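Below is one structure, written out as structure tokens; comments come after it.
The shown structure was predicted, so the numbers you read here are calculated from the model rather than taken from an experiment.
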Amino acid sequence: MENQYFPHLASPITINGLTFKNRIFGAPMSNPELDAECHMRKEEIAFHENRARGGLASVCIGLGIVDPVGRTHTKEITLYDRMSLPSLKEAANAMHHHNCNAVMELAHGGKYGNARSQKESEYAAILGPNDEVNPEGLRVTAMTEQDIFHAADAFAEGAKLAQDAGFDMVLVHGGHGWLLGQFMSPTMNHRTDRWGGSLENRMRFPLLVIEKIREKCGPRFPIEYRMSGAELIQGGYTIEEGVKMAEMLDGKVDIIHVSAGVHEDPDAFVVTHPSMFIEHGCNVYLAAEVKKHVKTPVATLGGLNDPAMMEEILASGKADIIEIARQSLCDPYFPEKAFSGHADDITKCCRCFTCFYNYLTNRTFCCAFNPVIGNELENKSAFPPAKHKTVAVIGGGPGGMEAAITAARRGHDVTLYEKNDRLGGQLLAEQYIPFKQDMYNFVKVLEGRLASEYVKVETGVEMTPEKAAALHADVVIVAAGAKPLIPPVDGIDKDIVSGLDALHHEEPQLGQRVVILGGGLVGAEVGIYLDQLGKDVTIVEMKDDWAADAYFMHKNAMNIYVRDSDIKIYCKTTAKAVTDEGLLVTTEDGSEKLLAADSILLATGMRADRDFIDSFYNTAPRVFEVGDCIRPGRVLEAVQTGYYRALDI
């Protein structure tokens, strides 16, 4: 279903397997203050979470610096420091509470590195494309081939740290005169080797960085590349060359984010960050021109604060994605207001630069129109009394139940709909597993809470978008879970193959010899359970280790059990075909082997049914997603997203 107010702006988009709930992304905003080690404090996390709460599809935390020599001032997130991981994990979790994808910007200051954080000395390491003196009067040393490859590896390591922290995407900063932009620029790159001169040579370093990130993080980790469509400085490249750059990025990155200008030029700065004297959307023409020449989704920005203008940009094909920064401070809730028919209540950013002034002078977050900005932490728990709403929750797993309970506790009228005849979702599989009884008991506890909070529960009701829309609810919460991932293996549809629903019985509907296809956490735990029942268990896993997604202490406990059991585990092994005799696999050494089986149990993971989930968009003024229908995960993520989304009502 389409949003009746802004159908293009409200429509979801999937980028390299990652779904964004609408087309409004939070552009990078960096932190004026951090702790002494340049790790995020709870204050900074609360600031970015406040941006996420109001409906943005993603929020990008700016200026994650990938190398010490790339720092441009004293307070930038140190992605080269592994100890940044805890605070980054907390930040990513905060975004996910609101079904908002977490994005980290990867940056390197290049010739502006250390300029604001270190006085020149014989030890000052400032690297850039050329030997020169930078605008701060500090010496810059031309990067050697070794320096370039070191920096590319640093970008990859920074991306991997963000990925490990739970971030959903990285944004590589190749615009505004940062290091990669310095190499791309004909005015800043005067090299005569293979890293300078022709456009192909100037783009070699940015493309190397992208290649290194892919190698480190895998092909399914989305990369957004930020570039200046035009430099807007004397002698700088124009949109014509910007298009050629975008064409070289096309197909290698997942989003081409088209900005403008060079930070260090005062005239260009107020176009990069449009002042009130420049028309709204002043840089959209750059993205529109790029989009004519590439297949990769294109993001645009430039002083945008009106959802009607944003809608027109998308509807007319100028861009695929809208990115905003200052507007998300002025009114973090403007996406939800727009999509629910309350656009007239949006506080629009007036581009007064109050936020920039306070950022640069007293190092605080601030907004002239929004008193919460800079005080997000103390306001985080100051939830106003809920205005009574009718809420429909679709899905009775732990995430849906938690959302229903929390919404009811806030005074809303809540009905929960579950297509099966029992609540519990995937936790029902734990009912007969001895070492998982406490998890199954959690279902019973949640059922008791639903009753005590007077949540109406309707089981055996399979909801459709039409049925949901006919409820005329104020809020629809989609907690529809995920569906099993069926690998493309010959014969996978044979009767010998079973799903995890075979465990929904006191006596599993499986033969004596069981091969488990999929050796992640779920497959390993199921293998232990079946071994306890006396089954002959074999686990097949494609990765180089089994239960790689398990917490390390839990993995240790499982390892102790497996070590003393008869469970056989084949890692680096790929399923080739299912036969009547068992599973034919290709082992680590490349040889084929038939693993005899009476039953083959699929534990190859889950995936969100995006077609089904997306069909519920706009069935109510506000539609939220919780749990596995966002991204399959643990009970932790399901319960947390259910709780926090209900607080957003």
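Counting only N and O atoms by type, the side chains of His98 and Glu49 include a donor and acceptor under 3.5 Å apart. Side-chain contact of Asn99 with Arg645: a donor-acceptor pair under 3.5 Å is absent, judged by distance alone. Using modelled atom types and a 3.5 Å distance limit, the side chains of His504 and Gln431 yield no donor-acceptor pair. Side-chain N/O atoms of Ser84 and Thr78 include a donor and acceptor closer than 3.5 Å. Tyr561 and Asp531 share a side-chain donor-acceptor pair at under 3.5 Å. One side chain, Asp168 or His96, offers a donor N or O that lies under 3.5 Å from an acceptor on the other.
In this structure, Arg513 does not pair ionically with Asp536, as no charged nitrogen and carboxylate oxygen lie closer than 4.0 Å. A salt bridge is absent between Lys576 and Asp490: the closest approach of a Lys/Arg side-chain nitrogen to an acidic carboxylate oxygen does not fall below 4.0 angstrom. Ion pairing between a basic and an acidic side chain is recognised when a charged N comes within 4.0 Å of a carboxylate O; Asp566 and Lys535 show no such pairing. Note on Asp611 versus Lys483: no salt bridge recorded, every NZ/NE/NH1/NH2 to OD/OE distance being 4.0 Å or above. With respect to the salt-bridge test (charged N to carboxylate O, under 4.0 angstrom), the residues Lys291 and Asp320 qualify. Classification of Glu588 and Lys572 as a salt-bridged pair holds, one side-chain N sitting under 4.0 Å from a carboxylate O. Here Arg622 does not pair with Asp648 in a salt bridge; the nearest charged N to carboxylate O distance is not below 4.0 Å.
In this structure a side-chain-to-backbone donor-acceptor pair under 3.5 Å is missing from Arg610 to Thr14.
The structure places CD of Glu157 at 4.0 Å from NZ of Lys216, a figure rounded to the nearest 0.5 Å. Atoms CG and CG, on Leu208 and Asp153 in that order, are 7.5 Å from each other to the nearest 0.5 Å.
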